Amino acid sequence: MNKRIVSFFFLLLFTGAIYAAIDITDLRTELLKSPEGIDVRQPRLSWRIESDEQNVIQTAYHILVASSPELLEQGKGDIWDSGKIESDASQWITYQGKTLKRNASYYWKVKIDTNKGATNWSAPAFWTTGLFNEADWQGQWIGLDRAAPGESETQLSRLAARYLRKEFALKKGVKRATVHIAGMGLYELFINGQRIGNQVLAPAPTDYRKTILYNTYDVTSLLQAENAMGVTLGNGRFYTMRQNYKPYKIPTFGYPKLRLNLIVEYADGSKETIATNTSWKLTTEGPIRSNNEYDGEEYDARKELGDWTQTGYDDKGWMQAQRVSIPSGTLRAQMMPGMKVTETLKPVSIKKLGSKYILDIGQNMAGWVRFRIKGQAGDSIRLRFAESLQDNGELYTRNFRDARSTDVYVANGRETKDATWAPRFIYHGFRYVEVSGYPDAKAEDFVAEVVEDEMEHTGTFNCSDETLNKIVRNAFWGIRSNYKGMPVDCPQRNERQPWLGDRTMGCWGESMLFDNYAMYTKWARDIREAQREDGCIPDVAPAYWNYYSDNVTWPAALPMACDMLFTNFGDKRSIEENYPAIKKWVSHIREYYMTEDFIITKDKYGDWCVPPESLELIHSKDPSRKTDGALIATAYYLKVLQLMHRFASLQGLKADAEEWEDLEHRMKDAFNARFLHIKEGTSPVPGHTLYPDSIFYGNNTVTANILPLAFGLVPKNYIHEVAKNAVTSIITTNKGHISTGVIGVQWLLRELSRRGHADVAYLLATNKTYPSWGYMVEKGATTIWELWN
């Protein structure tokens with residue numbers, strides 16, 4: 001996909017997803033991989049036409065799928081030959097061939113007809129299948145279902161990494177070898193001393209009570225006659241960061257555990273599976289002494305295990321792996337690429353502060369620091385992380401609450417001159433790093449590694465206003481820092497939760513900068529799986545915190561994300577898969593929280609994080625700044641009804657579509673009867689009808705007026721006056737500044753521009769005084785703050 005400049009205010013352009021590119025000019029074709037999980041029985045195929053000519057329109061396609069590249073080369077689609085299909089569809093074409101086999105490879109190509117001529121057959125591409133269900137798996141879940149001596153299961157839990165290994169021999173020539181691994185909570189896999197894959201913090205997080213993700217790798221080239229496999233298990237979110245702490249709020253899932261199938265296909269056609277069982281060996285006495293996402297990683301190099309991932313290693317001192325409790329979640333293939341190190345940043349400065357050093361990376365980010373190891377045996381190098389500094393140059397960490405965010409490396413004295421270290425199973429949100437126990441530190445000894453979900457950065461922005469450029473850049477860094485297998489709210493303090501409310505309309509803007517299709521499709525499943533049996537959708541999903549508040553605005557992220565995936569990426573499947581869950585939630589809210597006059601009274605957060613009237617306050621105490629929660633909840637419910645009407649119509653569910661439309665009309669009338677105010681003025685002619693002096697919603701906050709405008713709830717003859725009132729509040733009451741919180745701000749600039757007030761939107765976007773995004777820039781921010789002050 002080509003890079004492109006996006007509109008800061010509208011961020012509503014069509015974005016492509018996964019395509020093959022077909023060049024009409026020279027009849028070349030380039031096929032790209034599908035992002036769907038490899039355990040999908042009917043994968044979907046897509047391509048994209050590229051041509052220097054104008055108005056090139058596809059008229060037909062022909063797909064071949066073969067069991068081998070040789071058959072495909074011969075033009076034989078022994079698995080599927082679609083024949084010539086008269087259609088202009090080039091996305092999400094559902095495979096309709098023979099039943100796919102587990103752990104197999106399939107090869108495909110496409111030829112298309114257009115109104116400007118036909119293409120040649122594309123170059124071949126392929127996909128592989130994984131393990132479709134539990135019956136396809138062999139082996140056991142293994143690990144150690146208890147804490148080891150010296151480990152701590154407290155609010156500040158400390159649990160060492162688990163190291164597991166297995167040696168095995170192969171007596172025949174190997175044609176193909178594939179490993180399927182589910183390592184809970186996080187894993188690193190090694191075969192014959194080589195680490196497999198370039199992913200980090202794998203697999204992506206889920207609600208492990210519902211779904212366990214596995215990854216698949218082709219390891220054919222690594223196998224030999226005698227082999228050794230090794231797996232390091234980190235804690236991740238499976239072993240919860242805060243053990244025995246607020247169990248009513250924070251669920252726990254168990255201890256780290258492993259299930260692995262290595263399927264070896266021999267040249268003679270036979271197969272063998274090496275799977276996890278109690279013949280594997282395990283130790284907790286390796287160098288990673290603790291790994292806790294909130295508190296950091298502790299590594300003692302004196303306890304390094306040597307060549308434990310290679311053959312011939314003496315593991316007599318290791319224990320037998322135990323068969324452990326089986327997770328209740330279903331094993332599913334991870335459909336998204338996962339996280340990796342995508343960029344490195346060098347410190348812009350290093351300053352000595354007493355016996356410590358303070359590194360400035362120059363950019364608030366999420367990831368970790370890799371450093372060159374220095375020191376004698378037993379020396380401890382300690383790195384502590386923060387987003388900002390105090391006036392005295394020390395780290396400011398109050399906003400981290402009880403997250404220690406500290407990495408510790410204990411030297412063994414045998415490290416080579418160029419040896420480096422970085423943590424493996426945690427990440428930090430930071431700009432500044434306090435380094436202690438490090439002799440004669442220099443900037444070149446350190447490098448920050450940016451960790452985010454692997455996805456293409458598809459949009460850029462640049463204009464003549466440098467403040468606006470910096471704001472967009474700050475938003476870009478904030479978004480990428482919070483992509484961690486799911487969208488989280490922050491990467492630094494003891495929270496890092498996948499809150500839904502920020503992403504209702506936020507996901508649309510994000511999709512203009514990132515190809516976030518696969519991640520949001522995965523997250524939609526997370527939300528659906530977090531739904532309670534009665535229909536309630538939580539405010540956090542996966543539900544790492546049990547916040548089932550029956551709020552409307554936060555759960556609305558599910559239908560909004562489905563709409564974004566369809567509108568921006570052309571994928572209707574997310575709507576089809578999630579429609580029943582959304583319908584159940586809509587019915588739940590209607591049953592429990594809708595009054596007889598069609599108003600939703602239940603709301604928890606209001607317009608969260610409205611700019612307070614004073615810089616010293618965290619939240620506003622002025623009631624005139626707060627929007628009625630019933631207005632917000634009812635408006636959002638109406639927006640969801642509009643989406644449900646669209647979703648039902650797309651699926652041909654006529655009765656549902658009529659039900660949603662009828663309820664929307666009744667609620668819209670009730671909404672205006674309750675919240676629309678027409679303040680009458682004086683008539684210039686005595687005895688004649690009074691003219692309206694002001695038309696507004698609720699208590700006339702900007703959010704109270706913007707939401708009805710954005711959702712099409714304002715009677716046509718009042719639209720201009722309501723928009724004018726919103727602008728008047730911005731310019732007069734708020735002196736040209738932002739006055740909306742998380743809810744209102746997601747619609748503010750877009751709706752002002754749509755109503756002909758792009759100049760006001762631009763004013764708000766480029767302000768440099770409090771409260772504004774530019775104020776953050778002026779204060780040195782390199783990401784967007786949660787609070788305006």
Side-chain angles (χ1 to χ4, degrees), residues 16-23 26-50 58 60-85 87 89-113 118-132 136 173-180 196-197 214-223 261-271 333-337 518 573:
I18 48 92
Y19 301 98
I22 299 178
D23 192 321
D26 56 10
L27 303 181
R28 286 188 306 105
T29 302
E30 181 184 1
L31 299 178
L32 303 180
K33 295 180 180 179
S34 167
E36 293 188 295
I38 60 174
D39 56 351
V40 174
R41 295 219 180 239
Q42 286 187 290
R44 295 175 295 168
L45 309 176
S46 301
W47 53 89
R48 180 180 61 203
I49 300 172
E50 291 185 351
Q58 176 183 301
Y61 66 81
H62 186 179
I63 297 172
L64 292 181
V65 180
S67 58
S68 71
E70 292 79 16
L71 287 173
L72 190 67
E73 175 68 24
Q74 297 168 23
K76 297 179 180 178
D78 63 319
I79 303 300
W80 184 35
D81 184 338
S82 71
K84 185 176 181 179
I85 305 295
S87 172
S90 58
Q91 292 188 83
W92 316 115
I93 307 302
T94 301
Y95 168 81
Q96 300 286 353
K98 295 179 181 178
T99 301
L100 300 179
K101 298 178 180 179
R102 69 179 179 92
N103 196 64
S105 297
Y106 296 95
Y107 306 84
W108 74 287
K109 60 183 179 181
V110 64
K111 180 179 182 180
I112 67 170
D113 291 347
T119 71
N120 291 328
W121 285 103
S122 68
F126 75 96
W127 77 85
T128 61
T129 55
L131 306 180
F132 291 118
D136 290 337
V174 176
K175 177 183 178 182
R176 178 172 176 255
T178 310
V179 64
H180 307 277
I196 307 304
Y214 72 87
N215 300 123
T216 297
Y217 305 94
D218 186 326
V219 295
T220 308
S221 62
L222 299 178
L223 297 185
N261 279 193
L262 171 60
I263 301 175
V264 181
E265 302 171 44
Y266 293 110
D268 64 3
S270 61
K271 295 182 180 181
Q334 181 170 305
M335 66 176 296
M336 51 191 294
R573 181 173 290 183

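Since this is a predicted model, take the numbers as computed values, not measurements.
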Exercise. So which heavy atom on S105 is nearest to which on T128, and how close?
Worked result: OG-CG2, 3.4 Å
Exercise. Could you state the interatomic distance from CG (L100) to CD1 (I38), rounded to the nearest 0.5 Å?
Worked result: 12.0 Å
Problem set entry | Inter-residue atom distance Y217.OH - I196.CD1, 0.5 Å rounding | 8.5 Å
Exercise. Are H180 and N103 close enough that a side-chain donor and a side-chain acceptor fall under 3.5 Å?
Worked result: yes
Problem set entry | R44 NZ/CZ over Y95 ring centroid, <6.0 Å and within 45° of normal | no
Exercise. Looking only at heavy atoms, what is the nearest atom pair of F132 and R41, with distance?
Worked result: CB-NH2, 3.3 Å
For this session: For the pair K98 (side chain) and D78 (backbone), establish whether a donor and an acceptor sit closer than 3.5 Å, ignoring hydrogens and angles.
Result: yes
Problem set entry | K271 side chain reached by Y266 side chain, heavy atoms, under 4.5 Å | no
For this session: Report the distance from atom OH of Y61 to atom CD1 of I85, rounding to the nearest 0.5 Å.
Result: 5.0 Å
Exercise. Would you say the side-chain atoms of D218 pair up with the backbone N or O of T220, donor to acceptor, closer than 3.5 Å?
Worked result: yes
For this session: Spell out, as yes or no, whether a donor-acceptor pair under 3.5 Å connects the side chain of Q74 to the backbone of K76.
Result: no
Exercise. Hey, does W121 have a side-chain heavy atom less than 4.5 Å from the side chain of L64?
Worked result: yes
Exercise. When rounded to the nearest 0.5 angstrom, what is the spacing between CH2 in W127 and CH2 in W108?
Worked result: 8.0 Å
Exercise. Sub-3.5 Å donor-acceptor pair from the side chain of Y214 to the main-chain atoms of L131, do we have one?
Worked result: yes
Problem set entry | Heavy-atom pair with the smallest gap, counting every atom of A118 and D113 | CB-OD1, 3.3 Å
Exercise. Any donor and acceptor pair, going by atom type alone, linking the side chain of T119 with main-chain N or O of K111 inside 3.5 Å?
Worked result: no
Seminar exercise, completed: Minimal heavy-atom distance between I79 and S67, with the atoms involved, is CG1-N, 3.6 Å
Exercise. Counting only N and O atoms by type, is there a donor-acceptor contact under 3.5 Å from the side chain of S82 to the main-chain atoms of I63?
Worked result: yes
Problem set entry | Reported NZ-to-CG distance for the pair K109 and L45, which is rounded to 0.5 angstrom | 14.5 Å
Problem set entry | Worked verdict on T178 versus T216 for side-chain contact (heavy atoms from CB on, under 4.5 Å) | CA-CA 7 Å; T178 310; T216 297; 3.3 Å; yes
Exercise. Do Q58 and W47 have side-chain N/O donor and acceptor atoms under 3.5 Å apart?
Worked result: yes
Problem set entry | Check against side-chain contact (heavy atoms from CB on, under 4.5 Å), K101 and Y106 | CA-CA 10 Å; K101 298 178 180 179; Y106 296 95; 3.6 Å; yes
Seminar exercise, completed: In this structure, CD1 of I112 is separated from NZ of K84 (nearest 0.5 Å) by 11.5 Å
Problem set entry | Pair D81-H62, side-chain donor/acceptor within less than 3.5 Å | yes
Problem set entry | Closest contact, heavy atoms only, A177 versus L262 | CB-CD1, 4.4 Å
